[in-house]
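Input: a single structure, listed below in structure tokens.
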Amino acid sequence: MTVLRVVLRHDVGARGRDAFHFTDLLGHDVVKLRHREARREFLELEVGDDVVVAKNGIHPLHMRFRADDLRNLSFRGAATADQHVCRNWHECAPFGSFLRAMVAVRSGSGKVPWALHPVSVQCPTMDPVRVRFAPSPTGYLHVGGGRTALFNWLYARHHGGTFILRIEDTDRTRSTGEAIEQIFASLRWLGLDWDEVYRQTDRFDRHREVAADLVRQGAAYESDGAVWFRVPPHGVTTIPDLLAGDVTVQHTELKDYVILRSDTTPTYNFACVVDDHDMGITHVIRGAEHLNNSPKQLLIYHVLGWSPPQFAHVPLILGPDRSKLSKRHGAGSVLDYDERGILPEALVNFLARLGWSHGDQEVFSREELVALFDLPGVNTSAAVFDDEKLLWLNHEWLRRLEPHRLGELLAERIVVRGVADRAAVKDIGREKLARAAVLLRERGRTLVEMADRARPYLPGSVELSADAQDLCTPELRSALREVAMRTEALRDPSAQEFEIVLRRAADELGLPMKSLAPAVRVAVSGARVGPGLYDLLAVIGPEIVAARLRTAAGGEKKG
RNA sequence: GUCCCCGUCGUCCAGUGGUCUAGGAUACCGGGCUUUCAAUCCGGCGACGGGGGUUCGAAUCCCCCCGGGGACACCA
């Protein structure tokens with residue numbers, strides 16, 4: 001048994017929102033401190049001698065304090081249970097079974113000073129986290145689904161839990177095998193590996209069996225060939241959502257709904273409950289569009305006597321028009337981003353930051369995300385997908401990649417984009433590819449942009465635009481010939497050596513670098529803009545440089 | 001229409017009653033550096049939806065309004 005100690009230091013701050021609670025992962029034996037007058041600065045939690053969390057901690061166990069449960073606490077002190085503290089979630093150490101806390105309390109609503117009192121809370125031993133991503137294979141996986149998958153995956157990995165992939169293919173008319181393959185490919189590309197995978201269609205017998213139980217006990221009935229769940233006519237159902245807080249729905253708002261279609265296949269709201277239960281799901285992390293389904297599902301848990309998982313409905317991703325991101329917003333498929341030359345590292349980073357944050361940090365590696373991600377950092381408002389920022393992040397990640405790996409990605413892309421064939425790419429070698437990639441990535445935001453500008457680094461000639469040709473006056477042409485000659489004398493020159501050669505040539509020919517440099521650049525690369533000239537020349541190599549200089553100097557249209 | 005959720009710069013976030021003349025990022029606009037572009041550095045533009053409360057004090061708590069979104073299927 002681990003003893004945790006929560007110390008409330010000082011009393012500052014209030015946040016009278018139901019959305020902020022302390023809860024354990026299973027929702028068992030939880031305690032909520034009334035947050036009305038909640039005040040506190042931070043919690044300090046300890047496991048044994050190790051302090052495991054302070055403000056904005058990153059720990060796996062969310063303690064939830066409920067006002068009602070406070071009465072069950074043993075107070076060492078004179079406090080009564082209906083005055084207290086604390087809002088905000090916080091986490092305790094992993095797998096604690098006992099919690100001792102110091103809570104700030106006061107015995108009146110007036111200006112009675114706060115006092116610290118110790119409390120003890122019995123916590124159940126935590127079951128390991130089991131979460132699932134449950135896409136419906138009716139189309140490609142778009143970024144909204146990708147983010148839901150990511151959040152689930154991160155949550156599982158952060159807590160050392162299990163990430164389950166469940167294909168929700170109960171709608172046999174709309175589900176396709178192709179879509180399933182797409183989903184697998186998308187998750188693989190994002191780097192979200194799953195520990196278990198299920199197909200709902202494989203479990204129809206089980207669904208029918210549970211439906212029959214429901215009918216037998218009168219909780220469901222058959223009508224017109226379908227089986228309907230009977231919603232209690234009165235009362236309310238409250239979903240304790242980890243993000244939205246308690247969401248209460250009147251039963252009068254709900255209608256009886258179909259759980260088994262007339263073809264005996266189960267529907268979503270039913271199959272989902274049976275499977276989540278059977279698979280031992282501890283946390284249902286899904287898009288906010290499902291919030292309204294939760295009461296229906298909770299009702300089934302109740303009549304079956306099953307304990308429900310914890311729910312966390314994550315905010316939606318919106319398109320530029322502020323409606324839920326969907327296929328009609330264009331490039332929504334996860335794999336489209338691959339095609340656009342976006343790195344999975346960048347998309348993962350971007351998606352994580354849409355609705356989740358860790359202070360002001362913007363760039364996160366996968367490892368950092370696993371270490372830092374947790375539900376308390378997730379916010380509740382919908383976010384607009386901003387392509388510009390994605391591009392910026394992609395550039396950041398391009399610049400962080402190991403050069404040789406980037407070179408390989410570039411090579412692939414060069415071939416795909418038809419900039420050169422595989423043989424030409426192979427010809428320049430791994431080393432040069434990496435060096436070229438390093439130059440290219442400074443001015444390209446995607447692999448596609450890089451590949452499309454890679455021509456100068458590949459063997460063969462470059463095409464000079466008419467505009468570029470104009471740069472080469474007769475005077476410069478002879479200068480280019482001179483530079484070509486001097487270049488040929490070089491053996492594997494570095495950028496510095498190229499600089500010396502050019503400067504000396506310019507000097508001796510009485511030409512300012514301002515006119516020689518652009519001419520050389522255009523002659524060698526075909527473009528007026530690009531990387532630092534000497535770096536460019538060094539990567540391309542003296543042979544090709546000299547050849548291209550001579551071609552340009554010769555005045556032919558094609559080099 | 002009904003119910004539910006949400007509401008800080010154009011966009012993404014920080015902010016958990018005083019440290020906020022509101023911070024970071026992106027985008028945009030100037031300037032420096034440079035053979036170009038990029039990177040980088042410096043500077044700038046730019047937000048607490050509105051109204052009432054509570055409080056000595058509110059971006060933060062409460063209420064109303066407004067706005068946005070989502071859900072109301074034998075889709076998931």
Side-chain angles (χ1 to χ4, degrees), chain A residues 12-17 20 35-42 55-56 87-88 134-138 168-171 173-175 200 224-228 239 241 243-245 247-250 252-255 257-269 271-272 286-295 313 315-316 318 320 322-324 350 353-363 379-393 395 399 439-445 502 506 512-522 527-534:
Chain A
V12 186
R15 175 93 178 207
R17 290 196 43 132
F20 296 87
H35 32 47
R36 253 293 170 80
E37 312 78 9
R39 313 225 151 190
R40 72 115 239 284
E41 193 162 54
F42 62 82
K55 200 171 183 179
N56 295 328
R87 18 66 233 207
N88 218 347
S136 150
T138 52
E168 307 239 327
D169 53 352
T170 61
D171 183 343
T173 57
R174 293 173 63 220
S175 300
Q200 239 162 12
D224 297 333
V227 178
W228 299 70
I239 308 103
D241 190 273
L243 262 22
V247 178
T248 299
V249 176
Q250 307 281 333
T252 49
E253 295 297 330
L254 270 25
K255 292 183 292 192
Y257 56 94
V258 170
I259 58 176
L260 238 46
R261 300 185 183 92
S262 33
D263 67 358
T264 76
T265 59
T267 58
Y268 165 73
N269 279 126
C272 181
R286 63 190 4 167
E289 74 268 26
H290 288 294
L291 188 53
N292 291 288
N293 286 318
S294 299
H313 289 92
L316 263 20
L318 274 24
R322 304 203 65 89
S323 69
K324 185 169 84 163
F350 179 76
R353 279 288 288 113
L354 231 44
W356 174 85
S357 61
H358 179 71
D360 281 338
Q361 188 174 341
E362 296 286 352
V363 181
N379 67 203
T380 50
S381 49
V384 174
F385 191 98
D386 181 8
D387 224 58
E388 280 298 327
K389 191 152 182 182
L390 204 214
L391 254 15
W392 168 75
L393 253 184
H395 190 208
R399 297 171 66 191
L439 294 188
L440 249 11
R441 72 173 167 189
E442 285 302 323
R443 322 118 258 247
R445 296 200 293 181
L502 281 202
M513 277 304 283
K514 263 200 191 311
S515 38
L516 180 61
V520 172
R521 170 187 300 285
V522 159
R528 310 179 76 131
V529 300
L533 182 57
Y534 315 121

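What you see below is based on every heavy atom in this structure, not just the backbone, and it leaves out hydrogens, waters and symmetry mates. Nothing here was measured: the structure is a model prediction, and the numbers come from that model. Within every chain, numbering begins at 1; the chains are lettered A, B, ... in the order of the sequence lines, protein sequences first and strands thereafter.
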**OP:** Would you kindly check whether a donor in the side chain of Thr380(A) faces an acceptor in the base of C5(B), or vice versa, at under 3.5 angstrom?
**Re:** no
Original post:
Arg445(A) and Glu388(A): side chain to side chain contact (heavy atoms under 4.5 Å, CB included), yes or no, with the steps?
Top reply: CA-CA 10 Å; Arg445(A) 296 200 293 181; Glu388(A) 280 298 327; 3.3 Å; yes
Original post:
Counting only Watson-Crick or G-U wobble pairs whose two distances fall under 3.5 Å, which nucleotide matches U40(B)?
Top reply: G32(B)
Original post:
So, does the side chain of Glu362(A) form a donor-acceptor pair with the base of G24(B) at under 3.5 Å?
Top reply: yes
Original post:
Under the side chain to side chain contact (heavy atoms under 4.5 Å, CB included) test, which residues partner Asp263(A), sequence neighbours left out?
Top reply: Arg261(A), Thr265(A)
**OP:** Nearest whole angstrom, please: distance from the C1' of C12(B) to the CG of Asp386(A).
**Re:** 7 Å
Subject >> Watson-Crick/G-U partner (both atom distances under 3.5 Å) of U55(B) >> reply: none
**OP:** Please tell me which of Arg521(A) and Val247(A) maps to the more 5' nucleotide of RNA chain B, matching each residue to the nucleotide holding its nearest heavy atom.
**Re:** Val247(A)
Original post:
Just checking Thr170(A): base, sugar-phosphate only, or nothing, at a heavy-atom cut-off of under 4.0 Å?
Top reply: sugar-phosphate
Original post:
Given that both distances must come in under 3.5 Å, which nucleotide forms a Watson-Crick or G-U wobble pair with G1(B)?
Top reply: C72(B)
**OP:** For G31(B) versus U54(B), give the span between their C1' atoms, rounded off to a whole number of Å.
**Re:** 49 Å
Original post:
Which nucleotide, C5(B), C74(B), U35(B), lies nearest any side-chain atom of Leu291(A)?
Top reply: C5(B)
Subject >> Of the listed nucleotides C5(B), A39(B), A14(B), the one nearest the side chain of Arg399(A) >> reply: A39(B)
**OP:** Would you please say whether a donor-acceptor pair under 3.5 Å links the side chains of Ser294(A) and Asn292(A)?
**Re:** no
Original post:
Does some side-chain heavy atom of Val249(A) sit less than 4.5 Å from a side-chain heavy atom of Leu254(A)?
Top reply: yes
Original post:
Does Arg353(A) get its side chain close enough to the base of C13(B), under 3.5 Å, for a donor-acceptor pair?
Top reply: no
**OP:** Select one nucleotide: of C6(B), A76(B), U35(B), the one nearest the side-chain heavy atoms of Ser381(A).
**Re:** C6(B)
Original post:
Taking a pair as Watson-Crick or G-U wobble with both distances under 3.5 Å, which nucleotide is matched to G67(B)?
Top reply: C6(B)
Original post:
What is the nucleic acid contact for Gly359(A), judged by heavy atoms within less than 4.0 Å: base, sugar-phosphate only, or nothing?
Top reply: sugar-phosphate
**OP:** Under 4.0 Å between any heavy atoms, over every strand shown, what does Pro135(A) touch: base, sugar-phosphate, or nothing? Just pick one.
**Re:** nothing
**OP:** Figure out the CG/P separation between Asp241(A) and C5(B), and round it to whole Å.
**Re:** 10 Å
Original post:
Among A76(B), C74(B), U35(B), which is the nearest nucleotide to the side chain of Asp224(A)?
Top reply: C74(B)
Original post:
Now, which nucleotide makes the Watson-Crick or G-U wobble pair with U21(B), with each of the two distances under 3.5 Å?
Top reply: none
Original post:
Taking atom C1' in both C9(B) and A14(B), what distance in whole Å separates the two?
Top reply: 13 Å
Original post:
Rounding to a whole Å, what distance do you find between Leu393(A):CG and A27(B):C1'?
Top reply: 14 Å
Original post:
Quick one: Asp360(A) CG to G24(B) P, roughly how many Å, whole number?
Top reply: 8 Å
**OP:** Verify, without hydrogens or angle tests, whether Ser262(A) (side chain) and Ala226(A) (backbone) share a donor-acceptor contact under 3.5 angstrom.
**Re:** no
Original post:
To the nearest Å, how far apart are Leu533(A) CG and U36(B) P?
Top reply: 11 Å
Subject >> Polar side chain donor-acceptor pair, His313(A) to Thr380(A), under 3.5 angstrom >> reply: no
**OP:** Using the P atom on both, measure U8(B) against C48(B) and round to a whole Å.
**Re:** 11 Å
Subject >> Nearest-Å distance once atom P is located in both A58(B) and C20(B) >> reply: 16 Å
**OP:** Measure the spacing between CG of Asn293(A) and CZ of Arg286(A) and express it to the nearest 0.5 Å.
**Re:** 6.5 Å
**OP:** Classify the nucleic acid contact of Gly355(A) as base, sugar-phosphate or nothing, counting any heavy atom under 4.0 Å across all strands shown.
**Re:** sugar-phosphate
Original post:
Contact class for Ser262(A) (heavy atom, under 4.0 Å): base, sugar-phosphate, or nothing?
Top reply: base
Subject >> Nearest-angstrom distance from the residue atom CH2 of Trp392(A) to P of G24(B) >> reply: 14 Å
**OP:** Taking Glu289(A) for its side chain and Leu291(A) for its backbone only, find out whether a donor-acceptor pair lies under 3.5 Å.
**Re:** no
Subject >> Nearest-angstrom distance, C1' atom, G50(B) to A59(B) >> reply: 14 Å
Subject >> 5'-most by nearest nucleotide on RNA chain B - Glu442(A) or Trp356(A) >> reply: Trp356(A)
Subject >> A47(B) to C42(B) separation - C1' atoms, rounded to the nearest Å >> reply: 24 Å
**OP:** Give the rounded distance in Å between these two atoms: CG of Asn269(A) and P of C74(B).
**Re:** 11 Å
Original post:
How close or far is atom P of C74(B) from atom CD of Glu168(A), stated in whole angstroms?
Top reply: 18 Å
Subject >> Intermediate values then yes/no, side chain to side chain contact (heavy atoms under 4.5 Å, CB included), Leu533(A) and Val520(A) >> reply: CA-CA 8 Å; Leu533(A) 182 57; Val520(A) 172; 4.3 Å; yes
**OP:** Decide yes or no on side chain to side chain contact (heavy atoms under 4.5 Å, CB included) for His290(A) and Tyr268(A), but give the supporting numbers first.
**Re:** CA-CA 11 Å; His290(A) 288 294; Tyr268(A) 165 73; 3.2 Å; yes
Original post:
Which listed nucleotide (U35(B), C12(B), C37(B)) is nearest to the side chain of Leu354(A)?
Top reply: C12(B)
Original post:
If you check every side-chain atom of Asn379(A), which of A14(B), U26(B), U11(B) has the closest atom?
Top reply: A14(B)
**OP:** Using a cut-off of strictly less than 4.0 Å, decide whether Ser357(A) has a side-chain nitrogen or oxygen near OP1 or OP2 of A14(B).
**Re:** yes
Subject >> Under 3.5 Å donor-acceptor pair, Arg528(A) side-chain atoms to U36(B) base atoms >> reply: no
Original post:
Phe385(A): what forms a ring pair (Phe, Tyr, Trp, His ring centres under 6.0 Å) with it, not counting sequence neighbours?
Top reply: Tyr337(A), Phe350(A)
Subject >> Euclidean distance for C1', G49(B) against C66(B) (whole angstrom) >> reply: 7 Å
**OP:** If a protein heavy atom is under 4.0 Å from the base, mark B; if only from the sugar-phosphate, S; if neither, -; do that for nucleotides 68-73 of chain B going 5' to 3'.
**Re:** SSBSSS
Original post:
Using atom C1' of each nucleotide, how far apart are G32(B) and A38(B) to the nearest Å?
Top reply: 16 Å
